[in-house]
Amino acid sequence: MGAADGKFTYDVAIVGAGVVGAAIARELSTYELRTVVLEAGHDVGTGTSKANTAIRHTGFDAKPGSLEATLLKRAYPLLGDYAARAGIPLETPGALLVAWSPEQLARIDALRLQAKVNGCDDVHAVSAEALYAAEPKLGPGALGGLAVPGEGIVCPFTMPLAFATEAVINGVRLELDTAVESIEPDAGAYELVTSRGRVRARWVVNAAGLSSDLVDRMMGHERFTIHPRRGQLIVFDKLASPLVSSILLPVPTPVSKGVLIAPTVFGNVLLGPTAEDLDDRTGTQTTREGLDDLLAKGRTILPALVDEEVTATYAGLRAATEYADYQIHCDAAQRYVCVGGIRSTGLSAAMGIAAHVVDLLQDAGVVLRHAAGHREVRMRPVGESQQRPFRDNDAIASRPEYGEILCFCERVTRGEVLDALAGPLPARSTDGLRRRTRAGLGRCQGFYCSATISALLHDRREPPTAQSRDADDLVASQVPRNR
Amino acid sequence: MTTPAHRAHWAGRVRQVDALIVGGGPAGLAASLMLRSAGVHVALIERERSLGGIPRHSRHTGYGLRDLHRVLSGPSYAAHYAALAEQAGVEIHLTTTATDWSAEGHLVTTSPSGRVQWAAKAVLLATGCRERPRSARLVPGDRPAGVLTTGTLQQLADLFHLPIGERAVVVGAEHVSFSAVHTLLTHGVAVAAMVTDQPASQSYTLLRALACGRHRLPLHVDTDVVAILGSERVRGVELEDRRSHARWSVPCDTVVFTGAWVPDYELARTSPVAMSGPHPRVDQWLRTARPGLFAAGNLVHAAEPADVCALGGRQAARSIVQYLTHGEWPERGVELVASDPFMWTHPSQLTSTLERPTRGRLLTRVRHFLGPGVIELVQSDRVLHAVRRPRLVPNRSISIALPASLRVDLTAGPVELRWRQAR
Ligand SMILES: Cc1cc2nc3c(=O)[nH]c(=O)nc-3n(C[C@H](O)[C@H](O)[C@H](O)COP(=O)(O)OP(=O)(O)OC[C@H]3O[C@@H](n4cnc5c(N)ncnc54)[C@H](O)[C@@H]3O)c2cc1C
Ligand SMILES: Cc1cc2nc3c(=O)[nH]c(=O)nc-3n(C[C@H](O)[C@H](O)[C@H](O)COP(=O)(O)OP(=O)(O)OC[C@H]3O[C@@H](n4cnc5c(N)ncnc54)[C@H](O)[C@@H]3O)c2cc1C
């Protein structure tokens, strides 16, 4: 389809609906802009954003002066505030960074000073006694460390879902199953050629994660190359949660933040990640060597942990590049913002990155007016620190389906499953349902409930809607909804 | 896990009952019947929409021999007990899940009619067990669809009539593995192979023949599953010979992990009772360390056949009646510990020299094939009981008849279950 045929032109097309693309979409939805998000996956947040360590970093150990350090700092209060308003599970148990050798102990003070430079004034050294007092199950041999009170844990699934839902209810168009294959300049705008047809937009924002270098090349640049760095993780049973109360960090090396142990917002305990350089951008398999390595490290840090049942194992790929910092570039003349190489802190920094992208657009001359009547979202509670429906007598009284538990391990009720199958961004698969409700994510991994839930999904699967169509008819849908 | 904040305001109801049973499988149902016949007011809660537990979706025959003295299919067996419980006037609550314990130590349930705290004089946990899924076995690889356990397979196929796949690999070669094979074959799914890390099948030849019929299926012994292949849907499994370390892959679209039982111990572990390995520690009369709290069925011996669980349920009921009548709880007792190659024992505590366990038998399991040799019960170097066995088979029930009176010293150290290999 040509350009001059009067086709609708968006102001901005965002490529990728990971946590970063979704955060940008949400931010843009607060302005009078017509924005479209093009996502190759079946749902939002199915890339690296769903397979990480789910830590809300303070940036205490970031390279001072880097864009990463700046945006982590900027994001910190934004995310705290937003999570509270939108109901994203977020807790701040704080971290203890543990030195296990004299060499590591010798680096503690430098790390404390680095934290100070990064604006984390509350970071302080702690003695071995204090470590064991705080974490009695810590393995023998800890020599001392640092307390980082601001480090927290967050729900990586709810984050992109909240951002994307808010964007959608405020008029942003979300096209799923839509992979951008090439981008053609076209009379003051771009034609994005996708797997489902062409989309026209004036500005392009590249938030394509592991493919951000490829999209950058579609725009004619040759600035960086993604070198996927795999991280494998092990999720332990909830019954392991009394073993640890804070995030246990290792002393970082230049290559990696190292293997940590952290509670999760669902009440599990996480061990990981590994750091393995790969060539394969789809290499999200776990390996015997990787899991064995984690168990060995886990046995040193928290020996009792490895005797508990494992709930799940998974792997994610960090979008590492040849550079240490984020690859965020704005080409005003080209009407293009590249948001690539968001390696290992993207969850924590997403809102800072989004705010930064808005600044870049503004500096480039995009006129940004706040949209009237912006609607916020309130996500359903899935975190253990929140009031889950199964415990909420009022919720059950108002709708008895909140009292019928379907997923016994995670205590997910029929009401929550039905909610997740409806709404502006419904679940379209068992995986989508898991990320929205936790159903099937628990210790039995579906022994009891997966059949019930599959049947429900089977029955309830709505006829394809505008947001979830598989047919190749993008063009017909390019009428923006009323704002 | 309830946080204190959620416990602060109790908005739900409080119910008083004599006995509360958690779990409407064979153990819980059999217990409820016997409690009713003793005139006890008993409430039974079951999280599913129907009673019966695992037999509900285990379509083949082989249920009921020891408790009902006839052989039924799983669903008929479940229906039989469910009907009796209703007739007997058991107060039954379906779609009711016990989730945690209140600050007062009462069990708390969630159901469509709200939250309830149960102020029960006696509580019986009969929550059963489940199979350890792929993730907990740390099988590496991708995470495609099509990886199941027998439990999920049978629910998908028999309760919901959903499609399974075309070609499956079954991991395990014990009784339940053949139950999975049976389900697959009757639903038109070809079985490409069975795989076991043990050197031989652990089921009976007869069972194997019943499950497989005229189908010949390759059994790979001494073999591990080292990876699952496929990104959206399973494409195959990678296998490794434990001896030669040779690797090869078998194409399939479905993998069923069978056996490797994990008791459903969450309520036990979040209450102040002692554990014995993965099971709550119970004595011959199924008493835990907490007065008034009992446990039975596969929660205390994962996993035995349904009839053994039902008989255990009856034993627990007798024990509850005795407790409700006399209010006594044994103070003394010694732990019964399993030492390698035994994985666990049931009972796991001895509190009396007179009270005998269910069927007068001790139950246990071994990790690998053994024999011939002697199973011994030993306390402070004193052999209390010994039985000769030509062979012990892993993943299969081992039961040892105990003498009418074991000369245990209830004030001394633990009793050890151990194995002496014949030379
Ligand atoms: C093991 C591991 C641990 C981590 N731990 C943490 C942590 O504790 N805290 C933290 O803050 N961060 C952590 N991270 C980093 C964080 O997960 C990432 O920085 C973040 O998820 C990146 O988000 P994204 O949106 O850039 O990428 P993604 O989530 O990968 O999203 C990119 C999206 O773009 C889509 N896409 C790609 N190409 C195209 C195309 N051509 N057309 C259309 N769509 C396209 C993809 O389908 C994908 O959905 C960790 C990462 C890993 C791997
Ligand atoms: C595939 C397969 C084939 C089998 N084949 C045979 C056979 O041929 N013959 C045979 O004798 N045995 C067989 N068995 C074993 C038999 O099914 C079990 O021994 C028996 O069901 C165990 O009884 P139970 O009461 O201990 O537990 P279950 O049957 O597991 O029942 C436990 C019940 O408790 C409920 N429950 C758990 N937690 C809670 C909670 N918190 N709140 C409320 N309710 C709860 C569960 O929903 C369940 O209904 C087979 C098992 C399997 C898996």
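We name chains A, B, ... by the order of the sequence lines, and we start the count at 1 in each one.
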(message) Test of understanding: with side chain to side chain contact (heavy atoms under 4.5 Å, CB included), list the residues that count as partners of Val259(A), not counting sequence neighbours.
(response)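 Val259(A) satisfies side chain to side chain contact (heavy atoms under 4.5 Å, CB included) with Leu271(A), Leu294(A), Lys297(A) only.
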
Under 4.5 Å from a heavy atom of chain A, the part of [X] involved:
X         : value
Thr95(B)  : both
Leu94(B)  : neither
Leu156(B) : both
Arg143(B) : side chain

(message) I need the minimum non-hydrogen distance between Gln285(A) and Asp142(B), along with the two atoms involved.
(response)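 Shortest heavy-atom contact: CG-OD1, 2.9 Å.
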
(request) Could you tell me which of Thr149(B), Thr152(B), Val139(B), Thr96(B) has the largest number of non-hydrogen atom pairs under 4.5 Å with chain A? (result)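 The candidate making the most pairs under 4.5 Å is Thr152(B).
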
(request) Between chain A and each of Leu229(B), Thr97(B), Ile228(B), count heavy-atom pairs under 4.5 Å; write down the option with the most. (result) Thr97(B)

(message) What residues of residues 126-138 of chain B make heavy-atom contacts with chain A at a cutoff under 4.5 angstrom?
(response)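 The residues closer than 4.5 Å to chain A, in numerical order, are Cys129(B), Arg130(B), Glu131(B), Arg132(B), Pro133(B), Ser135(B), Ala136(B), Leu138(B).
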
(request) Look up atom CG in Asp100(B) and atom CZ in Arg411(A), then write down how far apart they are to the nearest 0.5 Å. (result) 6.0 Å

(message) Distance check, rounded to the nearest 0.5 Å: Asp237(A) atom CG versus Arg269(B) atom CZ?
(response) 7.0 Å

(request) Report the residues that fulfil salt bridge (charged side-chain N to carboxylate O under 4.0 Å, His left out) with Arg288(A), sequence neighbours left out, ordered by chain and then residue number. (result) Asp292(A)

Among the listed options [options], the residue most often paired with chain B at heavy-atom distances under 4.5 Å:
options                                    : answer
Thr452(A), Leu295(A), Thr413(A), Thr430(A) : Thr452(A)
Ile234(A), Leu406(A), Leu291(A), Ile396(A) : Ile396(A)
Val235(A), Thr287(A), Thr284(A)            : Thr287(A)

(message) Please check if the number of heavy atoms outside Glu232(B) that lie under 6.0 Å from its CD is greater than 12.
(response)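 Result for CD/Glu232(B): open.
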
(message) Under 4.5 Å from any heavy atom of chain B, what part of Arg414(A) do you find: side chain, backbone, both or neither?
(response)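 Arg414(A) touches chain B through side-chain heavy atoms alone.
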
(request) List the steps, then state whether side-chain contact (heavy atoms from CB on, under 4.5 Å) holds for Asp264(B) with Phe408(A). (result) CA-CA 11 Å; Asp264(B) 228 318; Phe408(A) 305 123; over 6 Å; no

(message) Suppose a student defines contact as a heavy atom less than 4.5 Å from any heavy atom of chain B. Which residues in residues 300-318 of chain A would they list?
(response)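 Only Glu308(A), Glu309(A), Val310(A), Thr311(A), Ala312(A), Thr313(A), Tyr314(A) of residues 300-318 of chain A have a heavy atom under 4.5 Å from chain B.
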
(message) Tell me whether Thr110(B) contacts the main-chain N or O of Phe390(A) through its side chain, where contact means a donor paired with an acceptor under 3.5 Å.
(response) yes

(request) Let me see the working for Ser231(B) and Thr282(A) under side-chain contact (heavy atoms from CB on, under 4.5 Å), right down to the final yes or no. (result) CA-CA 9 Å; Ser231(B) 53; Thr282(A) 61; over 6 Å; no

